[in-house]
Each structure stands twice: as structure tokens, then as C-alpha cells.
Amino acid sequence: MAPTLERFVSPGKGNGLRAAGGIRRGQLLHSAEPLASCVSNRLSGRVCHRCFTRPETLSRCSQCKTARYCNTTCQKQAWSGHKRECKCLRSLLPRVPTDSVRLAARIIFTLVCFCCSSQIDGQVVIPLHFVSEQKKQGLSQLASMLELYLQEEIPDLAQEMTSALPSSCQTPLDLIAKVTCNCFTISDAELQEIGVGLYPSLSLLNHDCRPNCVMVFEGTKLQLRAVRDINPKEELTISYIETLSLTEDRQRQLDDQYHFTCHCQRCNSQDEYGFMLSGEEATWRLLKEALPKLEEQKAESDWQALLHRCSTLLSTTGCDVPDENLFKLRMTDMALDASIHLGHWEEALSYGQKTLPIYRLVRYYPDPHPVHGVQLMRVGKLHHYLGHAEAALDTFKQAHEIIKLTHGCDHPLTTDLIMKMEECRAETDRKSSSCH
């Protein structure tokens, strides 16, 4: 554990992490590689299974037909960890196990091979007797899939788990429960989910819907940074979920996945409702009801249908629903994503600019927050692509003020942002000199 952090008993939460001394906003508190990680199934064909980057072309493993790599170097580096998984994947073809099952299997392979079971012994354990029967049944089905998946490589799974894993997770059900409750979502530079990983050194961080820390990734390397000044002995918190949602939706997701009820200051306040649900209720309910179908279209990359539906709904709302309405903001973000994927740059810029004033409001995200910084960077790139160098530079500067705190000065995203700023400065200087 980093010297700036210390373990303690957090009232009402169990174990937690707190500041051993004063911490400055933007300070890097801890970085860690995962004990095990895997690319999400839905992105399996677009992300390198070794370095978690998204190159234009990927080479597929000739044996399992599932793992993909950006080059032979990544493939060779991954083989020591993939060779046992490869055999298991082949045994199930054409079926592919879920992300949690694949991650649990990789954890078992790692612990069996390297005898490092103590790394997960201190993690949170789900009290299964508090879990609903429906949820328990779902976990049991995942545990059965794990046993089937590993049958080819580890026939006597029970014996291997007893000898290699700590007592808290010596059955497939216990391990699956622990994995689903403790794994972190790995995101790319634009904060899009690309995989899952287990980071034992940070498993003690507790949740808050208005956290004082954020996590960002460089490949699979997790970095924990403070987003505000933190006093000595103050608890460090992160958000386990996307917080751009209503209190009841956040609490439902936390209860379903992590089995606790959040009592943070934001959840105990009702102030956000009038803001997030502003406008004519009959109109914004149309947006709310359309979102699940739109999420499906986004997951299926049906960008044309997504953009058409979003633009139609947004145009019909008119002035009845302001831009800060939660459901209108979500739909505007979807329209932005679809426009970018379709190469409709002017349209994308229009949607992006509508979101920026809302992202500045601390009611949605604390200041600074990586989501706001990345959104500014996306809008800046659109300005730049369309030849608006001065507007791009101004937007990039705003993004840099956030990204340097949430990602740090050495993160590749920060480096890329600085390069973009220099390009814009050079272009505006050339334009200025040509006018004289």
C-alpha cells in the first residue's frame, strides 16, 4: 500500500482506505497492474487482448479464434497467460463464457501458477445469505459455467481451488461472487469500457456518489488520483458506477451489483431532482422510455438508426425540455457518438457544444472530473477537424486544466492534448502572420 494511504475500519462500511496525511488535488495516490484482466466480450474483436489498445487491424489466435493481438510481440507476451485459457476457450466453441467467468478463470490460472493467493484474501466477500434467491441463482449459473469452462484444463477444480485459493473463495460460487463484487471496469482514453480487471490493492476503496478520488487507466494500469484536497485521516472514496443518473437508479444498481444501500450526502439530498427532471414531464418521459432501445442500438453499433431516432426525438422536445434534463443530456450524448461514428462532423459539433454547459455544472460531476475533460477534448477535436483552430485551442485549454489533474502530466492522453494545443497554436500563428 502506498505511504499516503492506510487501511482502517470505516463506520457502517467495514474496511476502507484513508489518507495518512494531507493530499493535494490532482495527486497520484496509487497505481497498480491487475492480478488478472480480460477484454470485454462485446469488444473482443476490436481490442488487443494484451495491451488493451484499439489498432486498426488485429491478428486472431489461430487456435481459439477468440483472442486478438495488435502484433506478434503482444501475442508472444500474452502466451504464458493465454495458453491455458486458449485450451478452455476451444473446448466451449462456439460458446464464449461471460466476462466474469473468464476473469475468474484467469485469476485461478494466476494463483495456481504463481502461488499469490494472499493478494485476494483481504477483499470484500459477499454475504451470500443476504443475496436474493434470483441473484444467487444467477451466480450459481455462472459458477457452473466456470466449472464447465475449466474442465478441460483443470479437471479437479475443487482440489485446485482448495490448495491455491484463500478460504474465502475456495468454491466456484464464492469466487464468482467475489469477482463480481470486486472487479473494476477498465476504460480507454475516452472512458469507454473495454474490459474488467481485479486490483486487490485497491479493493478496500468504498463508494460515494460524490467521490474525492477518480480512477483512470493507461492500458490495464490503474491510477488513483485525488480530485480535491483531502485532509489527514479522511476516507478516500471512488464511485463504483456511472453517477449520471437519479438517486433511485444509482441505489438500485449498487444494491443489485454490490449489495449495499448508499447513504452518501448526495443520496440523502433531494436537490438534484428538480434539476435533472426539469421541463415538461410528459415530454421528457418520452425520452426516458426511448433510452433502453437506443442503448441496444448503440451496443449493436447501429449508428444510422441511432442518430435518426435521437435527432427526431430531440427535435420534437423543443423548449419543453431544457438541455440540462438528465434524459435529454443522455440522448444528446448518444447523438454525438453516432454523428462521430458516421463522420457527420458539423452535426457532432452541434451536439457536443450543447452538452458542455451542462457538464460544467457540479450537480452532475464534481470539478474536476475526467468525463468533463474528455468531453471538452472531443469537442476540441471536432473544432480542429473543421478548421476552427482558435475555438479548438480554447476548448483544448479548458480540457487541459481538468486532464492534468485527473490523469496527470505524464499520461498519454495529457501528452496527446498538449500536442493538439501546439498544433492549434501554430495554425493560429500562421493565420495571424498571413493576415499581416
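These numbers were taken from a predicted model, which means no experiment stands behind them. Keep in mind that the numbers below use all heavy atoms, side chains included, and drop hydrogens, waters and symmetry copies.
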K.L.:
Evaluate side-chain contact (heavy atoms from CB on, under 4.5 Å) for M377 paired with L413, printing each intermediate quantity in order.
P.N.:
CA-CA 10 Å; M377 198 168 175; L413 188 68; 3.7 Å; yes
K.L.:
Given side chains that start at C-beta, do those of L314 and M334 come closer than 4.5 Å, heavy atoms only?
P.N.:
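When only atoms from C-beta onward are counted, M334 and L314 do not touch, as no gap falls below 4.5 Å.
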K.L.:
Rounded to the nearest 0.5 Å, how far apart are CD of Q253 and CD1 of I241?
P.N.:
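Answer for the CD-CD1 pair, Q253 versus I241, is 4.5 Å.
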K.L.:
Determine, for D99 against R102, whether the closest basic-nitrogen to carboxylate-oxygen distance falls under 4.0 angstrom.
P.N.:
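Looking at D99 and R102, the cut-off is met.
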K.L.:
Within the supplied structure, the quantity of interest is the number of heavy atoms (other residues, nucleotides, ligands) at a distance under 6.0 Å from Q265 CD; does it exceed 12?
P.N.:
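No, CD of Q265 has 12 or fewer neighbouring heavy atoms, counting only those of other groups under 6.0 Å.
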K.L.:
If you take all heavy atoms of L173 and S140, which pair is closest and at what distance?
P.N.:
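That closest heavy-atom pairing would be CD1-N, 3.8 Å.
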K.L.:
Salt bridge or not for R285 and E280, using N-O below 4.0 Å?
P.N.:
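Salt bridge between R285 and E280, a charged N being under 4.0 Å from a carboxylate O: no.
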K.L.:
Got a donor-acceptor contact below 3.5 angstrom from the R84 side chain to the L150 backbone?
P.N.:
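Not confirmed, R84 side chain does not pair with L150 backbone.
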K.L.:
Could you give me the CA-CA distance, side-chain angles and deciding distance for M331 and D333, then say whether side-chain contact (heavy atoms from CB on, under 4.5 Å) is met?
P.N.:
CA-CA 5 Å; M331 196 165 289; D333 262 331; over 6 Å; no
K.L.:
Could you check whether R18 pairs with E235 (Lys NZ or Arg NE/NH1/NH2 to Asp/Glu carboxylate O, under 4.0 Å)?
P.N.:
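A salt bridge is absent here (no side-chain N lies under 4.0 Å from a carboxylate O).
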K.L.:
Roughly how far, to the nearest 0.5 Å, is the OG1 atom of T395 from the CZ atom of R378?
P.N.:
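Answer rounded to 0.5 Å: 14.0 Å.
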K.L.:
Identify the two heavy atoms, one from I230 and one from C213, that lie closest to each other, and give their separation to 0.1 Å.
P.N.:
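Where I230 meets C213 most closely, the heavy atoms are CD1-SG, 4.0 Å.
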K.L.:
Are the side chain of D229 and the backbone N or O of R24 linked by a donor-acceptor pair below 3.5 Å?
P.N.:
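No, D229 side chain to R24 backbone: no donor-acceptor pair under 3.5 Å.
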K.L.:
Just wondering, do D188 and F52 contact through their side chains at under 4.5 Å, heavy atoms?
P.N.:
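A side-chain contact under 4.5 Å is absent here.
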K.L.:
Take the angle between the ring planes of Y258 and F260 and call it parallel below 30°, perpendicular above 60°, tilted in between.
P.N.:
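Judged by the thresholds at 30° and 60°, the geometry between Y258 and F260 is tilted.
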K.L.:
Tell me whether S203 contacts the main-chain N or O of S201 through its side chain, where contact means a donor paired with an acceptor under 3.5 Å.
P.N.:
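Not at all, since once roles are kept as given, no pair shorter than 3.5 Å links the two residues.
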K.L.:
Looking at R309, I'd like to know if its CZ atom is crowded, meaning that more than 12 non-hydrogen atoms belonging to other residues, nucleotides or ligands lie closer than 6.0 Å.
P.N.:
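No, because the 6.0 Å sphere around CZ of R309 holds 12 heavy atoms or fewer from other groups.
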K.L.:
If you measure only the distance, is there a donor-acceptor pair under 3.5 Å linking the side chains of T180 and Q257?
P.N.:
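Checked: T180/Q257 side chains show no N/O donor-acceptor pair below 3.5 Å.
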K.L.:
Would you check if L307 and E347 make a side-chain contact, meaning some heavy-atom pair closer than 4.5 Å?
P.N.:
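Result yes, sub-4.5 Å side-chain heavy-atom pair found.
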K.L.:
Compare all side-chain heavy atoms of C51 with those of C70 and state whether any distance is below 4.5 angstrom.
P.N.:
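Yes, at least one pair of side-chain atoms sits under 4.5 Å.
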K.L.:
Hey, is the main chain of A226 close enough, under 3.5 Å, to the side chain of R228 for a donor-acceptor pair?
P.N.:
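No, the answer is negative, given that no donor and acceptor are paired below the 3.5 Å cut-off.
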K.L.:
Could you tell me whether D249 and R252 have a side-chain N and a carboxylate O separated by less than 4.0 Å?
P.N.:
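Answer for the salt bridge query: yes.
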K.L.:
Is the CG atom of N268 crowded by more than 12 outside heavy atoms at less than 6.0 Å?
P.N.:
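Enclosed: over 12 neighbouring heavy atoms sit under 6.0 Å from CG of N268.
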K.L.:
Restricting to non-hydrogen atoms, name the atom on G408 and the atom on T414 that form the minimum distance, rounded to 0.1 Å.
P.N.:
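Taking every non-hydrogen atom into account, O-OG1, 2.6 Å.
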K.L.:
How far apart are the closest heavy atoms of P97 and L89, and which atoms are they?
P.N.:
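Distance-wise, the nearest heavy atoms are CD-CD2, 4.0 Å.
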K.L.:
Got S301 and H341 here, is their nearest side-chain heavy-atom distance under 4.5 Å?
P.N.:
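When only atoms from C-beta onward are counted, H341 and S301 do not touch, as no gap falls below 4.5 Å.
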K.L.:
Taking the side chain as everything from C-beta on, heavy atoms only, tell me whether T98 gets closer than 4.5 Å to V101.
P.N.:
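They are in contact (side-chain heavy atoms under 4.5 Å apart), so the answer is yes.
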K.L.:
Parallel, tilted or perpendicular: which one describes the rings of H369 and Y365, with boundaries at 30° and 60°?
P.N.:
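Rings of H369 and Y365: tilted, as their planes differ by 30° to 60°.
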K.L.:
Below 4.0 angstrom, N of the basic side chain to O of the carboxylate: do D302 and K293 qualify?
P.N.:
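Judged by the 4.0 Å cut-off on N to carboxylate O distance, D302 and K293 do not form a salt bridge.
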K.L.:
Just wondering, do P55 and L58 contact through their side chains at under 4.5 Å, heavy atoms?
P.N.:
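Result yes, sub-4.5 Å side-chain heavy-atom pair found.
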K.L.:
Look up atom CG in L277 and atom NZ in K288, then write down how far apart they are to the nearest 0.5 Å.
P.N.:
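It is 7.5 Å, given to the nearest 0.5 Å.
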K.L.:
Answer yes or no: is there an ion pair linking E295 with K298, defined by an N-O contact shorter than 4.0 Å?
P.N.:
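K298 and E295: not salt-bridged.
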K.L.:
Around E390, counting heavy atoms of other residues, nucleotides and ligands shown, do more than 12 lie under 6.0 Å from its CD?
P.N.:
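No, because the 6.0 Å sphere around CD of E390 holds 12 heavy atoms or fewer from other groups.
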K.L.:
If you look at every heavy atom in A338 and L306, which pair is closest and at what distance?
P.N.:
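Smallest heavy-atom distance, with atoms named: CB-CD2, 4.0 Å.
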K.L.:
When the aromatic ring centroids of F275 and Y364 are compared, is their separation below 6.0 Å?
P.N.:
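Here the rings of Y364 and F275 have centres that are less than 6.0 Å from each other.
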K.L.:
With rounding to the nearest 0.5 Å, note down the distance linking CG in D337 to CD in E190.
P.N.:
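Separation between the atoms: 8.5 Å.
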K.L.:
List the steps and the verdict of side-chain contact (heavy atoms from CB on, under 4.5 Å) for R25 and R225.
P.N.:
CA-CA 8 Å; R25 186 173 75 151; R225 289 186 180 273; over 6 Å; no
K.L.:
Are any side-chain N or O atoms of K354 and backbone N or O atoms of T332, one a donor and one an acceptor, separated by less than 3.5 Å?
P.N.:
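A pair under 3.5 Å: no.
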K.L.:
Assess whether a salt bridge exists between E56 and R46, defined as any Lys/Arg side-chain N lying under 4.0 Å from an Asp/Glu carboxylate O.
P.N.:
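Not counted as a salt bridge, because no side-chain N and carboxylate O are separated by less than 4.0 Å.
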K.L.:
Any side-chain donor-acceptor pair under 3.5 Å between D429 and S432?
P.N.:
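No, no side-chain donor-acceptor pair sits under 3.5 Å.
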K.L.:
Count the heavy atoms of every other residue, nucleotide or ligand shown that sit under 6.0 Å from NZ of K221, and state whether that count exceeds 12.
P.N.:
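Counting other residues, nucleotides and ligands, NZ of K221 stays at 12 neighbours or fewer.
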K.L.:
Would you say that T243 contacts R266 through its side chain, given a criterion of any heavy-atom pair below 4.5 Å between the two side chains?
P.N.:
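In short, these two side chains touch, coming nearer than 4.5 Å.
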K.L.:
Quick one: closest heavy-atom pair of R330 and L244, and the distance?
P.N.:
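Minimum heavy-atom separation between R330 and L244: NH2-O, 2.8 Å.
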K.L.:
Could you check L286 against F327 for side-chain contact (heavy atoms from CB on, under 4.5 Å), going step by step and ending with a plain yes or no?
P.N.:
CA-CA 9 Å; L286 294 175; F327 306 113; over 6 Å; no
